[in-house]
2 protein chains.
Amino acid sequence: MDTALLIDEVRLTPILIADPPLLNTQGVHQPYTPRLVVEVVTRGGVTGVGETYGDGKYLRLARPLAEALPGRSVSDVNGLFALADEVCGDARDADERAARVDAGGLRGVQTTDKLRLSVVSGFEVACLDALGRTLGLPVHALLGGKVRDRVEYSAYLFYRWAGHPDGAEKDDWGAALDPAGIVAQARRFARDHGFSSFKLKGGVFEPDQEIAAIRALAEAFPGQPLRLDPNGAWSVPTSLYVAGQLADVLEYLEDPASGTDLMAEVSAGTSVPLATNMCVTTVPEIADAFARDAVQVVLSDHHYWGGLHRTRELAAVCRAFGVGLSMHSNTHLGISLAAMTHVAATVPNLDYACDSHYPWQTEDVITVRHTFRDGRLDVSDAPGLGVELDRERLAVLHRRWLADDGTMRERDDAAAMRKADPGWTTPPVPRW
Amino acid sequence: MDTALLIDEVRLTPILIADPPLLNTQGVHQPYTPRLVVEVVTRGGVTGVGETYGDGKYLRLARPLAEALPGRSVSDVNGLFALADEVCGDARDADERAARVDAGGLRGVQTTDKLRLSVVSGFEVACLDALGRTLGLPVHALLGGKVRDRVEYSAYLFYRWAGHPDGAEKDDWGAALDPAGIVAQARRFARDHGFSSFKLKGGVFEPDQEIAAIRALAEAFPGQPLRLDPNGAWSVPTSLYVAGQLADVLEYLEDPASGTDLMAEVSAGTSVPLATNMCVTTVPEIADAFARDAVQVVLSDHHYWGGLHRTRELAAVCRAFGVGLSMHSNTHLGISLAAMTHVAATVPNLDYACDSHYPWQTEDVITVRHTFRDGRLDVSDAPGLGVELDRERLAVLHRRWLADDGTMRERDDAAAMRKADPGWTTPPVPRW
């Protein structure tokens, strides 16, 4: 094996990036959210970059994995899983281990296995970037080659405040707290990025209010695909009520109820396709959900599933079982958007436009931001991911992380909400 | 994209290779069997090799695909499927199209889709070999890297005659037509190659006679894994009878009955795991068979499934559904054995030793034959597949194909059997 591909050094840089006050059923995005940038440097002097979640529980897993990598080849990405199993241990700190496994959150059940896969994904992408750069091949070619030249994304609409309670990172979007505000947001997304499908993050207001917002979107963008995602906030009857009200305009309804049992009940009662990034987020959750026809669309996320190869495998499973596929997104930067675009380009059954928070992110760690045209990103044919790390920006955002007193280092949407509403607690599930 | 990776020329070389008189439920192997060697030559002057079935129906699909490839990149293997759909048309000749789709055969239902995938597999492997040679990377690294250094294979035992009726290609194995003959064959395989698991091709004699052969193997090799494969020749009651008789010694029973319906019935009545390379051979067959727990082990075959990437995807589907995985083999040469070994090395859930006919093949088109040690092959770290084409041998075997009057160019085990038994017709299913 070519020694130039051997890993010489791994650098982990936790950062805090600005995030607007986007609302969801658990609360609101904090002014800053943690991300982890992974750099893998080969003996050949090539650096590959990856990106994943940056909360403490991820950092605790990432550090031993980073220490174990030198001497291995960047081509050996299948081996990352066994290595992570071996070296990472349990990511949860003592308090978390003492508590029962977190059954909620916006990303479904959080097990150590799942956290570990999210960490591996950042390393896998960094290895593939380094491999591609060394070989002169784009990442999509390392996955067997693209089957499309552009990848379509959807506008990700959020109820939001005009600004954070503490005034941090003010932007010019203004508030969006009613149907008119959502339509205005959608129009700006359509104008600036050319998106032609729209997803509204729901679970924030009474269901009838969110139904009205989708109706307003349907009127403003007749015939264009619409989606609604309350993050599991509804009961089965509420889910069926909403599905019934919006059956004629929804492309799919995302995680109306929480968990496979309730999703299967909702699915049995509606013809609206149900999508998920909460009840099918790991391999062991697939068989039961598919057998019960609980979901018709899986929103893959290369962070959750352990990287780009695993995302392709998930796509194959969906293909075999006639389940649709699209992509989920959480707050992320341009490294992950590049990775999403590469893998999405290689999957034949990408049935729906992918989600991305990216347009909400004003900060990035790459030198040239991605540009959506007609709601699509061109698939890069440059070596690796096709993005360059902006080390100055990375240093600035890392210093912000270093300077933080700890409150922003762990994403906590309920805590952020308490800044505006001191009595706020994470709502019960179902909330409505 | 690097122009050195662009395909300049594709060469197809149909050949006939010697095959011993191995018996199965449909008849006997002919003295020669057709294979197709695919060479993909890049503008960079690198040649990659692949191998697949060589019967006319495959050649008719391969030729238009070969003509369509120049100008494409060897890294673009995901794109081969759409290209094949576009250019290949229907492989069956007029007679075959007039007849109903062949529902039998030893490889399950033969549809044009399935034939096309087998053809694509030969091109995909040739492209990956060329890509790996160009980049200096072994094929396993192009699939994300090996997770094991050696791949275990199983001895593939056959009832057989001492020689073909016409005396062609005589060897020194002698006949094996009873339990003692099978045990002697197994001992030679164990001695020469170190195999420690054994599969008997059944469906040849009355089930009680094959039960006796497995019992004799169990006595000769106590505790070692044993398998029996009658290629779907049995009824459900017969399958259950055999399973009951051999439950204590069988690692798995392979395709005792024909098709998912009957396999599901057998499965419901026995604790012996059922394996298949007949009722789950394509993606559309997976969901129903898994839902009904008709099989517990899928024997993948990169020829059937469309190549090495697709084989990895099948492995992922099996992993997600708790179904075991191993590998099927048909008569093949060292190119395909190398390809099998590379992909098998990358799959975490390779649950059983793989099948291979290779030890029966006295002829090859590679310069250095593969050597099993302790029943295992080392996974090559040389660039590409790690095999070199022997052009002189290839030319000799191609001249044999050219000289053939047509009788050997299509594998027909029943026709071969009629040389010894003029009244032989393909037995009904179930045969017993």
Side-chain angles (χ1 to χ4, degrees), chain A residues 1-2 4-5 72-83 124 127-128 131-132 134-138 140-148 280 282-288 290-291 305 307-323 345-348 381-383, chain B residues 1-2 4-5 72-83 124 127-128 131-132 134-138 140-148 280 282-288 290-291 305 307-323 345-348 381-383:
Chain A
M1 184 82 57
D2 190 347
L5 294 176
R72 299 173 64 98
S73 172
V74 289
S75 67
D76 180 17
V77 291
N78 292 331
L80 291 174
F81 301 95
L83 182 67
E124 190 232 27
C127 285
L128 291 174
L131 181 60
T134 304
L135 303 176
L137 288 177
H140 69 74
L142 303 178
L143 304 172
K146 63 184 179 183
V147 296
R148 58 182 63 81
V280 179
T282 63
V283 170
E285 293 167 325
I286 293 173
D288 181 47
F290 284 15
W305 293 86
L308 307 188
H309 280 281
R310 291 284 174 105
T311 299
R312 284 178 47 74
E313 292 177 358
L314 171 65
V317 175
C318 288
R319 206 156 61 234
F321 283 79
V323 171
T346 70
V347 169
D381 286 325
Chain B
M1 184 82 56
D2 190 348
L5 294 177
R72 298 172 64 98
S73 172
V74 290
S75 67
D76 180 17
V77 291
N78 292 332
L80 291 173
F81 301 96
L83 182 67
E124 191 233 26
C127 286
L128 292 175
L131 180 61
T134 304
L135 303 176
L137 288 177
H140 70 74
L142 303 178
L143 304 172
K146 64 185 179 183
V147 296
R148 59 182 63 80
V280 179
T282 63
V283 170
E285 293 167 326
I286 292 173
D288 181 48
F290 284 15
W305 293 85
L308 307 188
H309 280 281
R310 291 283 173 107
T311 300
R312 283 178 46 75
E313 292 178 357
L314 171 65
V317 176
C318 288
R319 206 156 62 235
F321 284 79
V323 172
T346 70
V347 169
D381 286 324

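Protein chains get the first letters and strands the later ones, always in sequence-line order, with residue 1 at the start of each.
- Contact of A:L128 with chain B is not made at all, since no heavy-atom distance falls under 4.5 Å.
- We find that B:E313 and A:R319 are joined by a salt bridge, their nearest charged nitrogen and carboxylate oxygen being less than 4.0 Å apart.
- From B:L137, atom CG reaches atom CG of B:L131 across 8.0 Å, with rounding to the nearest 0.5 Å.
- When heavy atoms are compared at a cutoff of 4.5 Å, B:L143 approaches chain A solely by way of its backbone atoms N, CA, C and O.
- For the side chain to side chain donor-acceptor pair (under 3.5 Å) with B:T346, the lone residue among B:H140, B:R312, B:R148, B:K146 that qualifies is B:R312.
- Contact of A:A320 with chain B is made through backbone and side chain together, with heavy-atom distances under 4.5 Å.
- Proximity to chain B is limited to the side chain of A:F290, based on heavy atoms less than 4.5 angstrom apart.
- Taking the centre of each ring, B:F321 and A:F321 come in below the 6.0 Å mark.
- B:E124 places a side-chain N or O within donor-acceptor distance of the main-chain N or O of B:H309, the cut-off being under 3.5 Å.
- Looking at A:L135, the atoms closer than 4.5 Å to chain B (heavy atoms on both sides) sit in the backbone and in the side chain alike.
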